[in-house]
*Asks:* 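Have a look at this one.
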Protein chains: 2
Amino acid sequence: MATMQDVARLANVSLSTVSYALSETRPVTAATKARIEAAMSELGYHRNAAARSLASHRSHVLALIFPAMQQGLGGTVTEFVASAADTARQSGYQLVLWPFGATQSREIRDLAQQGQADGVLLMEVRLDDPRVEALRKAGVPFTMIGRTARVDDLSYVDIDFTRTTEDAVAYLTDLGHERIAFLNHSQASREEGYGPTVRAHDGYTAAMRRRGLVPHAILCDESPGAGRTAMSELLAGDPDLTAVITMNEIATFGVTVELQSRDLQIPRDVSVLAIVTSPGVGAMSHPPLTTMHAPGAALGRLGVQSLLALLQVGETPSTDPVLLPCPLEPGGSTGPVPPERRR
Amino acid sequence: MATMQDVARLANVSLSTVSYALSETRPVTAATKARIEAAMSELGYHRNAAARSLASHRSHVLALIFPAMQQGLGGTVTEFVASAADTARQSGYQLVLWPFGATQSREIRDLAQQGQADGVLLMEVRLDDPRVEALRKAGVPFTMIGRTARVDDLSYVDIDFTRTTEDAVAYLTDLGHERIAFLNHSQASREEGYGPTVRAHDGYTAAMRRRGLVPHAILCDESPGAGRTAMSELLAGDPDLTAVITMNEIATFGVTVELQSRDLQIPRDVSVLAIVTSPGVGAMSHPPLTTMHAPGAALGRLGVQSLLALLQVGETPSTDPVLLPCPLEPGGSTGPVPPERRR
DNA sequence: CGAATTCATCGAAGCGCTTCGACGAAGCGC
DNA sequence: GCGCTTCGTCGAAGCGCTTCGATGAATTCG
């Protein structure tokens with residue numbers, strides 16, 4: 001394996017000139033640069049990552065704290081990770097995985113203090129997440145995917161739940177719906193402070209109230225069975241329901257089954273709008289669901305970009321926070337309220 | 001940030017002794033070790049990863065070549081990645097992601113030659129995969145997840161498609177089924193040499209023939225619509241079909257819909273057995289599907305272990321290949337053939 | 001009881017790179 | 001044309017660790 005010294009020798013320059021030519025930190029004449037490049041390709045030179053890190057105090061590694069917990073079908077996570085890894089690589093960084101849950105802030109700090117990563121991406125952030133404190137103590141720049149209750153001056157990228165629920169309600173009211181229920185994630189998720197559960201609930205409630213409509217939200221475990229039961233309860237609470245927004249893709253399968261078993265047709269009798277879904281889930285139901293899907297790839301890309309911006313400027317964590325709405329993907333599960341059901 | 005030198009000074013030993021105490025490469029008396037440990041914790045010492053790599057020529061990093069292509073719902077991939085990252089970490093390794101498809105062997109070789117990783121895990125291997133050659137040329141030890149057509153002495157971990165299809169057929173024949181169809185992945189996937197498509201086809205065909213039964217396999221795109229069409233075709237081909245094995249989870253949703261729309265009850269009229277599924281998909285249908293799910297977590301763990309074994313022994317790539325069957329998860333979509341339909 | 005081992009520890013030589021200060025050569029204005 | 005800055009390049013000092021050979025002390029054995 002050729003070293004920089006070998007390249008320098010072959011190009012008849014000093015080692016440091018080679019370094020400057022590569023990093024462009026100091027000017028190097030075109031002629032010299034050409035000789036160096038020729039030498040490099042002749043020797044098949046690749047600079048050694050470890051030596052670079054040691055001398056420069058930067059590892060060119062970003063760590064992704066990866067959720068142990070599996071919400072949903074995993075498609076969004078996969079998209080996110082792939083996109084983050086790709087964006088990082090294109091900027092000359094590597095993405096490493098740190099599989100740590102919210103309870104392992106100790107391990108996170110240890111790794112962070114070893115200087116293993118220049119920056120950290122923290123996924124599946126809870127409203128009150130001890131890992132945030134651990135990272136701050138370790139002094140590593142980090143960007144959250146999701147956000148804590150208080151974001152202070154922390155860098156983050158998240159789904160815009162307020163806007164997404166507002167858009168969902170607006171879409172349905174535009175179709176004439178007024179009795180719109182909301183089927184959320186589980187009770188457990190709310191109790192552990194899972195941001196989406198809380199923010200979507202608030203967003204939905206606000207969007208309904210703003211229109212003078214009565215919100216009707218329900219928490220629901222992640223299973224089709226729970227979805228059926230929840231749908232029953234919603235109908236018991238308001239038999240005249242014309243639409244339901246779901247943010248629980250597994251339960252949504254139960255919702256459609258329950259409606260079918262009651263001979264309620266989708267979307268003629270009840271419209272179903274699934275929000276924050278994984279890629280492709282809409283197509284799995286019959287009729288295909290109208291969805292507002294989670295922007296996994298965009299979150300990955302923007303998360304890495306925010307983090308890199310943070311590394312550039314150094315001390316100033318003034319990167320704009322980023323909130324992304326879930327784009328609407330029309331399907332066959334939503335439609336106008338039939339005239340006879342309008343009040 | 002304290003260095004090893006600082007620790008040595010505080011513990012009144014030489015730098016090298018501290019190193020030996022940490023790596024246990026040479027004996028160090030208990031007393032000395034204790035002093036060193038005290039000094040380390042007093043200073044909050046963490047060894048520097050870059051310096052270690054530089055001096056030892058090992059990065060303690062494993063790379064995972066990550067599929068750009070999204071097959072299925074992503075749940076298995078997520079499980080796999082999480083489990084691989086966790087196993088690596090427990091052995092003192094980091095897992096980095098290299099998001100490269102089968103066409104980017106050039107980039108792979110570049111990264112590999114920079115010595116960025118001690119070993120590589122290659123996911124989504126094709127039957128004839130150029131990346132294998134690239135890795136071999138780069139001289140990096142690697143383990144495949146999946147396998148090429150000829151495995152020679154390559155290290156790999158894969159799903160045992162022969163055994164899984166055999167088990168699937170056996171399970172159904174035990175229930176009295178004889179007219180068993182197989183709904184595979186897409187035509188396209190077979191053409192690009194996607195191992196599972198080919199191996200499962202062969203396994204199913206062999207299992208049927210061995211029992212004197214007539215195989216009836218069909219390729220199918222990854223969508224519920226294609227699944228419906230395929231199911232129609234299968235029924236057209238053999239109206240007396242009593243069971244179908246599917247290895248295409250998205251299409252399986254269409255299969256159940258098509259059966260329902262023909263008033264064929266599952267499992268009374270037709271049994272459905274979904275094999276190589278993502279975690280949780282069985283529960284998404286009604287009735288819940290009987291599945292044989294892909295052992296994502298086990299593959300991740302064993303893949304890393306095989307790779308680490310390869311790194312240990314150095315030259316001898318004699319790690320046993322590993323083939324894992326998909327365990328059966330009973331559901332409500334399979335049942336015995338009613339007596340009147342037996343021939 | 002002295003020679004031969006064994007044992008724990010030390011010092012020093014790198015690993016391959018970044019980065020700083022220095023230094024001639026060229027370019028500038030008056 | 002003389003001092004001054006600017007430009008391109010060089011040499012050397014690390015970065016923090018692993019690892020090898022050496023060294024003296026403790027242990028063993030004939």
Side-chain angles (χ1 to χ4, degrees), chain A residues 1-37 39-40 43-61 92 94 110-118 311 314, chain B residues 1-37 39-40 43-61 92 94 111 113-118 311 314:
Chain A
M1 192 110 299
T3 75
M4 210 171 233
Q5 189 58 263
D6 299 333
V7 174
R9 211 142 29 209
L10 187 59
N12 256 307
V13 292
S14 85
L15 199 173
S16 51
T17 304
V18 177
S19 176
Y20 290 127
L22 248 61
S23 64
E24 310 196 315
T25 352
R26 284 196 186 177
V28 171
T29 47
T32 316
K33 202 171 208 165
R35 283 208 322 282
I36 291 175
E37 273 160 9
M40 289 201 304
L43 296 171
Y45 171 78
H46 286 286
R47 69 229 272 207
N48 178 300
R52 231 148 86 78
S53 311
L54 180 58
S56 66
H57 304 282
R58 347 182 56 261
S59 61
H60 279 251
V61 162
Q94 305 251 25
D110 281 358
L111 272 187
Q113 285 178 337
Q114 283 171 56
Q116 301 260 28
D118 292 343
L311 297 185
Chain B
M1 190 111 300
T3 75
M4 212 172 231
Q5 190 58 263
D6 300 334
V7 174
R9 214 147 23 215
L10 186 59
N12 254 306
V13 293
S14 84
L15 201 174
S16 51
T17 304
V18 177
S19 177
Y20 290 127
L22 246 62
S23 64
E24 308 197 315
T25 352
R26 283 195 186 178
V28 171
T29 46
T32 316
K33 201 171 208 165
R35 281 210 322 281
I36 291 176
E37 274 161 7
M40 289 199 306
L43 295 172
Y45 171 78
H46 287 286
R47 69 225 277 205
N48 179 299
R52 229 147 88 79
S53 311
L54 180 58
S56 66
H57 303 282
R58 342 183 60 259
S59 61
H60 280 253
V61 163
Q94 304 251 27
L111 272 186
Q113 285 178 339
Q114 282 172 56
Q116 301 260 27
D118 292 343
L311 297 184

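On a predicted model such as this, the values are computed, not experimentally measured, just so you know. Below, chain A is the first sequence line, B the second, and so on; all start at residue 1. In what follows, every heavy atom counts, from backbone to side chain, and hydrogens, waters and symmetry copies are set aside.
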*Asks:* Does dC10(D) have its OP1 or OP2 closer than 4.0 Å to a side-chain nitrogen or oxygen of Ser14(A)?
*Replies:*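 Checking Ser14(A) against dC10(D): at least one side-chain N or O falls below 4.0 Å of OP1 or OP2.
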*Asks:* With respect to the phosphate group of dC17(C), does any side-chain polar atom (N or O) of Ser19(A) fall under 4.0 Å of OP1 or OP2?
*Replies:* no
*Asks:* So, OP1 or OP2 of dT9(D): does either fall under 4.0 Å of a side-chain N or O from Thr32(A)?
*Replies:* yes
*Asks:* Strictly below 4.0 Å: does Tyr20(A) bring a side-chain N or O up to OP1 or OP2 of dG11(D)?
*Replies:*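 Result: no.
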*Asks:* Going by side chain to side chain contact (heavy atoms under 4.5 Å, CB included), name the residues that satisfy it together with Ala49(A), two or more places apart in sequence or in a different chain.
*Replies:* Gln116(B)
*Asks:* Please tell me if Thr17(A) has a side-chain N or O lying less than 4.0 Å from either OP1 or OP2 of dC10(D).
*Replies:*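 Answer is yes, contact under 4.0 Å.
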*Asks:* Can you see if the side chain of Arg47(A) gets near the phosphate of dT18(C) - specifically, an N or O under 4.0 Å from OP1 or OP2?
*Replies:*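 Checking Arg47(A) against dT18(C): at least one side-chain N or O falls below 4.0 Å of OP1 or OP2.
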*Asks:* With side chain to side chain contact (heavy atoms under 4.5 Å, CB included) as the test, pick out the partner of Ser19(B) among Arg52(B), Met4(B), Arg26(B).
*Replies:* Met4(B)
*Asks:* Tell me whether the side-chain N/O atoms of Thr29(A) come closer than 4.0 Å to OP1 or OP2 in dT9(D).
*Replies:* yes
*Asks:* Going through the distances and angles, do Thr3(B) and Asp6(B) end up as a side chain to side chain contact (heavy atoms under 4.5 Å, CB included)?
*Replies:* CA-CA 5 Å; Thr3(B) 75; Asp6(B) 300 334; 3.6 Å; yes
*Asks:* Base, sugar-phosphate, or nothing: which does Ser53(B) touch, judged by heavy atoms less than 4.0 Å apart?
*Replies:* nothing
*Asks:* What does dG29(C) pair with, Watson-Crick or G-U, if both distances are under 3.5 Å?
*Replies:*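 By the stated definition (distances under 3.5 Å), dC2(D) pairs with dG29(C).
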*Asks:* Need one value for Ser56(B): base, sugar-phosphate or nothing, where a base atom within 4.0 Å counts as base even if backbone is also close, heavy atoms only.
*Replies:* sugar-phosphate
*Asks:* Just call it for Thr3(B): base, sugar-phosphate, or nothing, with non-hydrogen atoms closer than 4.0 Å on any strand.
*Replies:* sugar-phosphate
